[in-house]
Amino acid sequence: MTIENCSVTSGCYMRHLCTMFLADNWLWMVLPVAICGVLAIFIDVRFIIVAMMILFIMLPMVLALLYFYYGFSPEARWSIMEKTAHVNDNGIALQFTDERMKKHVIPRDDVLSIIEKNDALLIMLRGKRYTCLMIPASVVNPNITQVLRQLVAQTH
């Protein structure tokens, strides 16, 4: 199977990445703010200032670290750069239109799962927790999804 000339925008990539991160870690984001809110009600009103510092300074810094940790990864580059992907039993071969980018083959053992979203297909890869290759949903047909699912099934 071949997927011709596809790429996602960097905004789409980071939106899906932040959504996955916040879905897994929302409790750790909300809990300190809620604790400060309760302390502000029962102990001292100044804890509202601490809650606002957490909300408006610390949480954006966490998202900035997420951006630098995952946004500059090779997988992010692979998703954002325009490419042609060849899916076969050995894995996914990526051929980039920009000659500065090398060809890359993702072995089938590195493909962990497939997540379908409205605007993209996320191919979760071995490595860091949120490592994935994104393919826009506009170029994905049911045959490609089926081949990718078979690739995952063969691996696991």
Would you indicate whether the side-chain heavy atoms of [Y] and [X] approach each other to under 4.5 Å?
{"X": "W78", "Y": "L125", "answer": "yes"}
{"X": "L151", "Y": "I114", "answer": "no"}
{"X": "L94", "Y": "M101", "answer": "no"}
{"X": "K117", "Y": "R15", "answer": "no"}
{"X": "N5", "Y": "T84", "answer": "yes"}

Taking every non-hydrogen atom, the tightest pair across [X] and [Y]:
{"X": "H104", "Y": "I106", "result": "CD2-CG1, 3.8 Å"}
{"X": "V139", "Y": "C6", "result": "CG2-CB, 3.7 Å"}
{"X": "T2", "Y": "I144", "result": "O-CD1, 4.3 Å"}
{"X": "S7", "Y": "P136", "result": "O-CG, 3.5 Å"}
{"X": "A40", "Y": "I48", "result": "CB-CG1, 3.4 Å"}
{"X": "A120", "Y": "H16", "result": "CB-NE2, 4.1 Å"}

With clusters defined by side-chain heavy atoms of hydrophobic residues (ILVMFWY) lying less than 4.5 Å apart, directly or transitively, does [Y] cluster with [X]?
{"X": "V62", "Y": "M20", "value": "yes"}
{"X": "V30", "Y": "F56", "value": "no"}
{"X": "I41", "Y": "M53", "value": "no"}
{"X": "L55", "Y": "M61", "value": "no"}
{"X": "L122", "Y": "I80", "value": "no"}

Atom pair [atom1]/[atom2] of [X] and [Y] - distance to nearest 0.5 Å:
{"X": "D44", "Y": "L39", "atom1": "CG", "atom2": "CG", "answer": "9.5 Å"}
{"X": "I123", "Y": "E75", "atom1": "CD1", "atom2": "CD", "answer": "12.0 Å"}
{"X": "R108", "Y": "Q150", "atom1": "CZ", "atom2": "CD", "answer": "12.0 Å"}
{"X": "K103", "Y": "H86", "atom1": "NZ", "atom2": "NE2", "answer": "8.0 Å"}
{"X": "Q146", "Y": "N141", "atom1": "CD", "atom2": "CG", "answer": "10.0 Å"}
{"X": "C18", "Y": "L63", "atom1": "SG", "atom2": "CG", "answer": "5.0 Å"}

Next item on the list: Output yes when a side-chain donor or acceptor of K128 lies under 3.5 Å from a complementary backbone atom of S73, and no otherwise.
Entry: no
Margin query: Please check: side-chain N/O of K83 versus main-chain N/O of T97, any donor-acceptor pairing under 3.5 Å?
Written below: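 No, because the side chain of K83 does not come within donor-acceptor range (under 3.5 Å) of the backbone of T97.
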Check: Run the side chain to side chain contact (heavy atoms under 4.5 Å, CB included) check on L133 and S79 step by step: do they pass?
Finding: CA-CA 5 Å; L133 173 68; S79 296; 3.6 Å; yes
Next item on the list: Mind running side chain to side chain contact (heavy atoms under 4.5 Å, CB included) on L148 and L121 for me, showing each step along the way?
Entry: CA-CA 10 Å; L148 286 169; L121 182 73; 3.5 Å; yes
Next item on the list: Please name the residue in the list Y13, Y130, F21, F72 that meets the ring-ring contact (aromatic ring centres under 6.0 Å, His included) test with Y67.
Entry: F72
Next item on the list: Look at R77 together with D98 and state whether they make a salt bridge at an N to O cut-off of under 4.0 Å.
Entry: no
